[in-house]
Amino acid sequence: MVHLTCHLVDEAKLGGPVQYRWMYPIERYLGHLKSLVQNKAQPEGSIAQGYLAEEVLTFCSQYLEGIETRINRPARVDDFNSASTSHLRSLFPPLGKAVGAFSTFELSTLEKIQAHRYLLLNCPAVKPYIDEFKDHVRRRSKGRKPTATQLQKIVNKEFVDWFPRKIMNPDISNNVLDDLKFLAKGPAQHARRFSAFNINGLKFRTIAREVDSTTQNSGVFVSSATSCVASGVDGNIREANLPYYGKLEDIIELNYYGKFKVTLFKCQWADTTRNWGIRKDKWDFTSVNFSRLIHTGQREDHDPYIEASQAQMVYYVDDEVNKGWSVVVHVKPRDFYDMGEEEEEEDEVCEDEPFPEQDFDQFFGDTDDLILVRENVDDEFVSEQNAINDIGEDEHNAK
């Protein structure tokens, strides 16, 4: 088995990713067919009858209601929320499903401000009010036009207090959605805390839950449109989609007085805005460093929270060469397949998952000159007579 690793590089260069050419699915299916054999004298007939019985039962099960079958059984990671169908018109429809018991705790003033502000500034229904508040700030400046950076800081600091006064204004109060009124009030002082949560077909667990676990489900990735500047003296804010990598620290559920509830993830975010926090190697692998964190939640202007529905899962592999760095590996949900782009011709039929084209020449050189014969072994021609003689000598030596 130790010698096997010497050939893995050559196999990867010749065959590409192993999942497109291994035989494990075929072997599992053959093992299932073998279990259908009841009469060893007629194995083919037993397999045919067993296969036909399975097909008939599967077909009939599609017409049964209220019974768990192969078609409607819950997924391994069950993230269906039964309350989601009754809150389709809510600003924050319930998504995902908590796993295990919960505990109730009291939000600190800082936690309440940070969590509530994140929901306000990232709610599409509130965006018109944010634009109105920016116009209000420009008008009150009395000729001194604030820079984009200053305007964004004012929004983060003062919009949370301005928004309730705007919503509760008697002149427009009757035309405002009830959900916006409850959102303007802010969350209740008491919230729920979970240690595991199923969302987007994935199971997330907090760091504390994984202390004694051999698996890793606390890696979080989110790509967010972030306002950024080129330097500390630059006053022009630019919108850019920045990747953020973190570790799940806490899962909380805010309660807006029974009208709706929102689940948030609090994470330890690596500083992906600087080169000391993120980098890519020549293989296009992303590595992150958690020695310097951002948005730790210790200051009021920090944003350590994201909505649970925004989270994507990653796991981190420690880099043995570069200490302190971890290689990022993205995780896809079960039963999720990347079928490529949808821009296909109407007559084109794709039955298999598309094989990703990989350019190994940039790493290994010209693969056309790859030697497939071991040169360190002498040539030997084996004939039938030589094989019989070798077997006879082995039997004689054994006696």
Is a donor on one side and an acceptor on the other found under 3.5 Å between the side chain of Asp250 and the backbone of Thr206?
no

CZ (Arg193) and CG (Leu107) are apart, to the nearest 0.5 Å, by 8.5 Å

Does CZ belonging to Arg21 count more than 12 external heavy atoms closer than 6.0 Å?
yes

What donor-acceptor contacts under 3.5 angstrom involve side-chain atoms of residues 37-53, with partners at least two apart or in another chain?
unit_1	atom_1	unit_2	atom_2	d
Asn39	OD1	Ala41	N	3.0
Ser46	OG	Asn39	N	3.3
Ser46	OG	Gln42	O	3.1

Nearest 0.5 Å, please: how far is CD in Gln268 from CD in Glu249?
4.5 Å

Nearest 0.5 Å please: distance from the CZ atom of Phe133 over to the CG atom of Leu151.
8.0 Å

Using modelled atom types and a 3.5 Å cut-off, is there a donor and acceptor pairing between side-chain atoms of Asn255 and backbone atoms of Ala191?
no

With Lys203 via salt bridge (Lys or Arg N to Asp or Glu O under 4.0 Å) - residues at least two apart
none

Partners passing side-chain contact (heavy atoms from CB on, under 4.5 Å) against Asn122 (at least two apart in sequence or in another chain):
Tyr118

Does the plane of the ring in Tyr24 sit parallel, tilted or perpendicular to the ring in Trp22? Use 30° and 60° as the thresholds.
perpendicular

Is there a donor-acceptor contact under 3.5 Å from the side chain of Asp281 to the main chain of Trp283?
yes

Residue pairs passing the salt bridge (Lys or Arg N to Asp or Glu O under 4.0 Å) test with at least one member in residues 304-317, sequence neighbours excluded, are none

With sequence neighbours left out, what residues match Asp301 under salt bridge (Lys or Arg N to Asp or Glu O under 4.0 Å)?
Arg299

With a 3.5 Å distance limit and no angle check, can you tell me whether Arg117 reaches the backbone of Glu300 through a side-chain donor-acceptor pair?
yes

Hey, is CD on Glu11 packed in by over 12 heavy atoms from elsewhere, all under 6.0 Å?
yes

Nearest 0.5 angstrom please: Cys123 SG to Asp179 CG, how far?
9.0 Å

Set of side-chain contact (heavy atoms from CB on, under 4.5 Å) partners for Pro187, sequence neighbours left out
Lys112, His116, Leu254, Tyr256

Please list, chain by chain and in numerical order, all residues satisfying side-chain contact (heavy atoms from CB on, under 4.5 Å) with Asp131, sequence neighbours excluded.
Lys127

Nearest 0.5 Å please: distance from the OG1 atom of Thr272 over to the CD1 atom of Ile294.
5.0 Å

Who passes side-chain contact (heavy atoms from CB on, under 4.5 Å) against Gln312, sequence neighbours left out?
Phe221

Where at least one partner belongs to residues 151-164, residue pairs that pass salt bridge (Lys or Arg N to Asp or Glu O under 4.0 Å), sequence neighbours excluded
Arg140-Glu158

Would you say the side chain of Val327 lies within less than 4.5 Å of the side chain of Trp325, judging by non-hydrogen atoms?
no

Can you find a pair of side-chain heavy atoms, one from Gln62 and one from Thr69, that are under 4.5 Å apart?
no

Which salt bridge (Lys or Arg N to Asp or Glu O under 4.0 Å) pairs, counting each pair once, include a residue from residues 95-108, with sequence neighbours left out?
Asp78-Lys97

Salt bridge (Lys or Arg N to Asp or Glu O under 4.0 Å) involving Arg292 - partner list, sequence neighbours excluded
none

Interatomic spacing from OG in Ser141 to NE2 in His136 - rounded to 0.5 Å:
9.5 Å

Are the aromatic rings of Phe182 and Phe260 close, with centres under 6.0 Å apart?
no

Candidate pair Thr215 and Ser213, rule side chain to side chain donor-acceptor pair (under 3.5 Å), full reasoning
CA-CA 5 Å; Thr215 58; Ser213 178; 3.1 Å; yes

According to the ring-ring contact (aromatic ring centres under 6.0 Å, His included) rule, which pairs have a member within residues 284-307, sequence neighbours left out?
Phe290-Tyr316, His295-His302

